[in-house]
Amino acid sequence: MRDISKLQKGRFDVLIIGGGINGAAIANMAAEAGLRTALIEKNDFASGTSSKSTKLVHGGLRYLENFEFDLVRESLRERFIQLINVPHLVKPLEFIIPVYKTSPRPFWMIKLGVKLYDFLSGKYLIHPHRVLTIQEVVKELPDINQEGLLGGVSYYDAQMDDARLCLENVLSAREKGANVYNYLEVLRVSKVNGKAQGIEVKDKLTNTRFDIKADRIISCVGPWTNQMLKIENPHAMAKIRTTKGVHIVYQGELSSKAMLVQAKKDKRIFFIIPWKGNSLIGTTDTDFSGNPNDVKVEDEDIEYLFKEALRIFPNKDFQRKNIISSFAGLRPLVRKEGSPSKVSRNHVLEESYSGIIYVMGGKYTTYRKIAEDVMVLMGREKNRESSLSYPLVGSGVVTDKPASIAKEYKVDEALVCYLINIYGRCFEDVLKLTKEDESLKDVICSCSPAIKAQIKYAQSVELACKEDDVYWRRLDMGYLPCQSGKCQNLIKEILEVENGV
């Protein structure tokens with residue numbers, strides 16, 4: 001499956017470095033435009049910031065405070081595009097904002113904010129906001145702290161599976177002819193008369209080195225941008241500012257509705273969101289000046305999130321033993337002074353002296369627009385302002401009823417529905433593997449409905465190379481409580497068999 005010799009033959013029109021969401025989308029659009037395209041990632045696709053998000057496709061309600069109306073309006077349109085094109089991965093989600101007497105933002109400001117949010121949504125509105133009384137807030141959130149509660153508001157955004165959304169962009173690019181590879185690390189930029197003509201890479205799986213030649217190189221490495229700038233030019237100045245965002249997945253649902261909460265300590269906002277039957281709590285927003293490879297969750301990050309969550313749910317006994325998983329990601333913000341939360345999430349495209357295009361800043365929701373802007377900069381495409389179409393490999397209507405599919409493959413209907421929610425219209429490709437081997441219908445572990453066929457599919461179709469690629473980014477099993485650890489062991493065993501180890 002992994003034939004890197006394709007990268008060594010000939011010359012590419014465009015080479016994209018970085019297999020996060022921006023790089024994946026650019027590769028998808030470039031391949032669609034007929035360009036000879038290569039996409040490389042030094043680890044697994046979406047293994048960096050693109051799988052460490054709050055799992056939201058949203059306009060960014062809080063950006064209204066910074067008067068970034070254009071960014072919010074653009075994000076709300078992009079939110080709609082994702083909702084209609086990949087409904088199996090992006091779904092509407094209701095949020096409640098509880099407001100207290102001690103909240104840093106008064107009730108009138110919150111009500112005005114959601115009203116403006118709806119106005120900026122225009123025809124892309126999911127559902128109108130509602131102002132809630134104290135009684136209505138308590139009805140929706142029975143365990144909420146009622147002391148000093150004034151009421152709240154309800155509004156809608158969307159929830160996504162970030163890693164799989166990135167992966168579907170990668171697979172869509174491959175389907176259109178792009179050469180896509182993970183575990184290839186950039187070592188050096190090759191130049192002719194001062195202009196970048198290619199790169200030298202190391203295959204981290206085989207420890208071999210080789211050159212890739214390309215007419216245009218695009219860097220989409222997010223938090224590693226400053227390091228990439230140094231590879232190109234040892235004297236380059238830093239262009240981005242990295243801020244750390246930490247999330248924890250806490251066992252059980254603290255609330256059946258998503259919550260946007262105003263933190264008391266630093267007045268910033270964070271979320272408490274239902275996620276796969278548990279609760280996603282986050283995020284922090286603190287400057288990070290270390291090596292992006294070394295970012296991790298610190299004790300003070302967990303204490304911050306616990307303290308703020310306890311203020312909202314004072315009767316809950318938050319304990320570390322109930323944390324299923326935690327993760328830290330870095331936001332690659334365009335370098336600017338001031339509070340991290342105040343730095344704009346707008347993206348910037350900048351061409352270096354040797355001709356490399358650097359994609360900097362941006363937010364996950366606007367990834368499609370970022371890719372489009374790169375294509376326009378290269379003179380390969382006009383803006384798609386009138387188009388809402390952006391289908392991916394899993395897009396499309398599943399016409400067959402789950403019950404009939406379940407009968408055909410002799411599996412539970414619940415399994416079919418589960419697979420549709422992961423793979424969209426490609427779900428049957430997974431089930432077809434079970435006709436060749438009945439044992440692939442077996443559940444991997446009691447912690448998840450995932451079956452063995454999905455491991456084989458991840459390895460043979462979805463470019464998974466390592467255990468973590470499957471466990472975290474293909475099957476999302478790392479977000480589920482598991483006492484036995486059987487799932488990770490079985491994934492490793494099946495991958496070894498598939499790889500002939």
Side-chain angles (χ1 to χ4, degrees), residues 44-47 51-53 55 88-91 93 159-168 247-254 256 273-281 321-327 394 398 402 405-406 409-424 426-434 437-498:
D44 185 30
F45 301 112
S47 58
S51 62
K52 307 296 193 303
S53 76
K55 322 298 183 189
H88 59 293
L89 296 178
V90 182
K91 304 177 188 296
L93 184 65
Q159 187 173 51
M160 66 170 170
D161 186 325
D162 52 6
R164 290 207 62 88
L165 189 55
C166 178
L167 178 65
E168 285 216 4
H247 297 80
I248 60 176
V249 180
Y250 197 77
Q251 192 159 354
E253 280 193 356
L254 295 171
S256 61
I273 302 173
W275 177 246
K276 299 183 182 298
N278 299 295
S279 299
L280 180 66
I281 306 174
K321 67 180 183 180
N322 293 327
I323 296 176
I324 298 169
S325 61
S326 60
F327 52 92
V398 178
I405 294 291
Y409 288 94
K410 298 178 182 178
V411 296
D412 290 338
E413 186 177 343
L415 174 63
V416 176
C417 294
Y418 161 77
L419 294 175
I420 291 173
N421 274 319
I422 295 177
Y423 303 98
C426 297
F427 81 98
E428 202 168 353
D429 294 339
V430 177
L431 286 174
K432 287 176 182 176
L433 297 174
T434 66
D437 183 352
E438 282 280 330
S439 70
L440 293 179
K441 294 179 183 177
D442 294 344
V443 173
I444 297 170
C445 181
S446 59
C447 69
S448 166
I451 59 175
K452 291 180 180 179
Q454 291 175 261
I455 303 176
K456 185 172 182 178
Y457 187 78
Q459 189 271 342
S460 62
V461 177
E462 296 184 329
L463 307 168
C465 297
K466 298 183 179 183
E467 173 192 333
D468 275 358
D469 303 349
V470 179
Y471 182 72
W472 282 104
R473 291 172 290 278
R474 304 305 185 277
L475 302 186
D476 285 346
M477 295 181 76
Y479 303 115
L480 303 174
C482 181
Q483 301 299 322
S484 67
K486 175 185 174 183
C487 42
Q488 288 180 287
N489 292 332
L490 189 57
I491 288 170
K492 184 178 180 180
E493 290 171 11
I494 293 178
L495 286 180
E496 287 176 350
V497 170
E498 293 298 321

**Q** Looking only at heavy atoms, what is the nearest atom pair of S448 and V443, with distance?
**A** O-CG1, 3.3 Å

**Q** Suppose we screen for side-chain contact (heavy atoms from CB on, under 4.5 Å). Which residues come up paired with P274, at least two apart in sequence or across chains?
**A** E253, A258

**Q** Can you name the residues that form a side chain to side chain donor-acceptor pair (under 3.5 Å) with Q483, not counting sequence neighbours?
**A**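 Here no residue qualifies.
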
**Q** Do K55 and L280 have side-chain heavy atoms sitting under 4.5 Å apart?
**A** yes

**Q** State the CH2-CD1 distance between W275 and I324, to the nearest 0.5 angstrom.
**A** 12.0 Å

**Q** Kindly indicate whether the side chain of P402, heavy atoms from C-beta on, has any atom under 4.5 Å from the side chain of F427.
**A**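 SC-SC contact between P402 and F427 ruled out.
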
**Q** Judged by atom type as modelled, is there a donor-acceptor pair below 3.5 Å linking the side chain of S51 to the main-chain atoms of A46?
**A**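 Here the side-chain-to-backbone pair exists.
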
**Q** Rounded to the nearest 0.5 Å, how far apart are CG of L495 and CG of L490?
**A** 9.5 Å

**Q** What I'd like to find out is whether the side chain of L89 reaches to under 4.5 Å of the side chain of M160, using heavy atoms alone.
**A**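 Not in contact.
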
**Q** Please name all residues satisfying side-chain contact (heavy atoms from CB on, under 4.5 Å) with K486, sequence neighbours left out, ordered by chain then number.
**A**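 side-chain contact (heavy atoms from CB on, under 4.5 Å) check on K486 returns C445, S484.
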
**Q** With sequence neighbours excluded, what pairs up with K452 under the salt bridge (charged side-chain N to carboxylate O under 4.0 Å, His left out) test?
**A** D442

**Q** Is there a side chain to side chain contact (heavy atoms under 4.5 Å, CB included) between V430 and I422? Walk through the geometry before answering.
**A** CA-CA 11 Å; V430 177; I422 295 177; over 6 Å; no

**Q** If the condition is side chain to side chain donor-acceptor pair (under 3.5 Å), which residues does Y250 pass it with, not counting sequence neighbours?
**A**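 Applying side chain to side chain donor-acceptor pair (under 3.5 Å) to Y250 gives N322.
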
**Q** If I compare all heavy atoms of A450 with all of Q454, which pair ends up nearest, and what's the gap?
**A**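 Answer, listing the atom of A450 first, then Q454: CA-OE1, 3.1 Å.
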
**Q** Residues two or more places apart in sequence or in another chain: which of them pass side-chain contact (heavy atoms from CB on, under 4.5 Å) with H88?
**A** V86, E168

**Q** Hey, does Y423 have a side-chain heavy atom less than 4.5 Å from the side chain of R164?
**A** yes

**Q** How would you list, by chain and number, every residue that makes a side chain to side chain donor-acceptor pair (under 3.5 Å) with K492, sequence neighbours excluded?
**A** none

**Q** Sub-3.5 Å donor-acceptor pair from the side chain of D437 to the main-chain atoms of S439, do we have one?
**A** yes

**Q** Distance check, rounded to the nearest 0.5 Å: S446 atom OG versus I444 atom CD1?
**A**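 Separation between the atoms: 11.5 Å.
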
**Q** If you compare all heavy atoms of L440 against all heavy atoms of L433, which two are closest, and at what distance to 0.1 Å?
**A** CD1-O, 3.6 Å

**Q** Got N278 and Y479 here, is their nearest side-chain heavy-atom distance under 4.5 Å?
**A** no

**Q** Any heavy-atom pair between the side chains of I405 and L431 that's under 4.5 Å?
**A**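 Yes, side chains in contact.
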
**Q** Got a sec, which residues hit side chain to side chain donor-acceptor pair (under 3.5 Å) with N421, two or more places apart in sequence or on another chain?
**A** K91

**Q** Are the side chains of Q488 and I491 in contact, using a 4.5 Å heavy-atom criterion?
**A**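 In short, these two side chains do not touch, never coming nearer than 4.5 Å.
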
**Q** What are the two closest heavy atoms between S326 and I248, and how far apart are they?
**A**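 That would be CB-CG2, 3.8 Å.
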
**Q** May I have the list of side-chain donor-acceptor pairs in residues 469-478 shorter than 3.5 Å, sequence neighbours left out?
**A**
{"from": "D469", "atom 1": "OD1", "to": "Y183", "atom 2": "OH", "distance (Å)": "2.7"}
{"from": "D469", "atom 1": "OD1", "to": "R473", "atom 2": "NH2", "distance (Å)": "3.0"}
{"from": "D469", "atom 1": "OD2", "to": "Y183", "atom 2": "OH", "distance (Å)": "3.2"}
{"from": "D469", "atom 1": "OD2", "to": "C465", "atom 2": "N", "distance (Å)": "2.9"}
{"from": "D469", "atom 1": "OD2", "to": "K466", "atom 2": "N", "distance (Å)": "2.8"}
{"from": "R473", "atom 1": "NE", "to": "D44", "atom 2": "OD2", "distance (Å)": "2.7"}
{"from": "R474", "atom 1": "NE", "to": "E462", "atom 2": "O", "distance (Å)": "3.1"}
{"from": "R474", "atom 1": "NH1", "to": "D44", "atom 2": "OD2", "distance (Å)": "2.8"}
{"from": "R474", "atom 1": "NH1", "to": "D469", "atom 2": "O", "distance (Å)": "3.3"}
{"from": "R474", "atom 1": "NH2", "to": "D44", "atom 2": "OD1", "distance (Å)": "3.1"}
{"from": "R474", "atom 1": "NH2", "to": "E462", "atom 2": "O", "distance (Å)": "3.1"}
{"from": "D476", "atom 1": "OD2", "to": "K276", "atom 2": "NZ", "distance (Å)": "3.4"}

**Q** Check for a donor-acceptor pair, side chain of E496 on one end and backbone N or O of E493 on the other, with a separation under 3.5 Å.
**A** no

**Q** Please list, chain by chain and in numerical order, all residues satisfying salt bridge (charged side-chain N to carboxylate O under 4.0 Å, His left out) with K52, sequence neighbours excluded.
**A**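 For K52 there are no salt bridge (charged side-chain N to carboxylate O under 4.0 Å, His left out) partners, ignoring immediate neighbours.
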
**Q** Just how far is it from atom CD1 of I494 to atom CG of N489, taken to the nearest 0.5 Å?
**A** 11.5 Å

**Q** What's the shortest heavy-atom distance between L415 and P449, and which atoms?
**A**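 Nearest pair, atom of L415 first, then P449: CD1-O, 3.7 Å.
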
**Q** Considering all heavy atoms of both residues, which atom of C447 and which atom of L480 are nearest to each other, and what is their separation?
**A** O-CD1, 3.5 Å

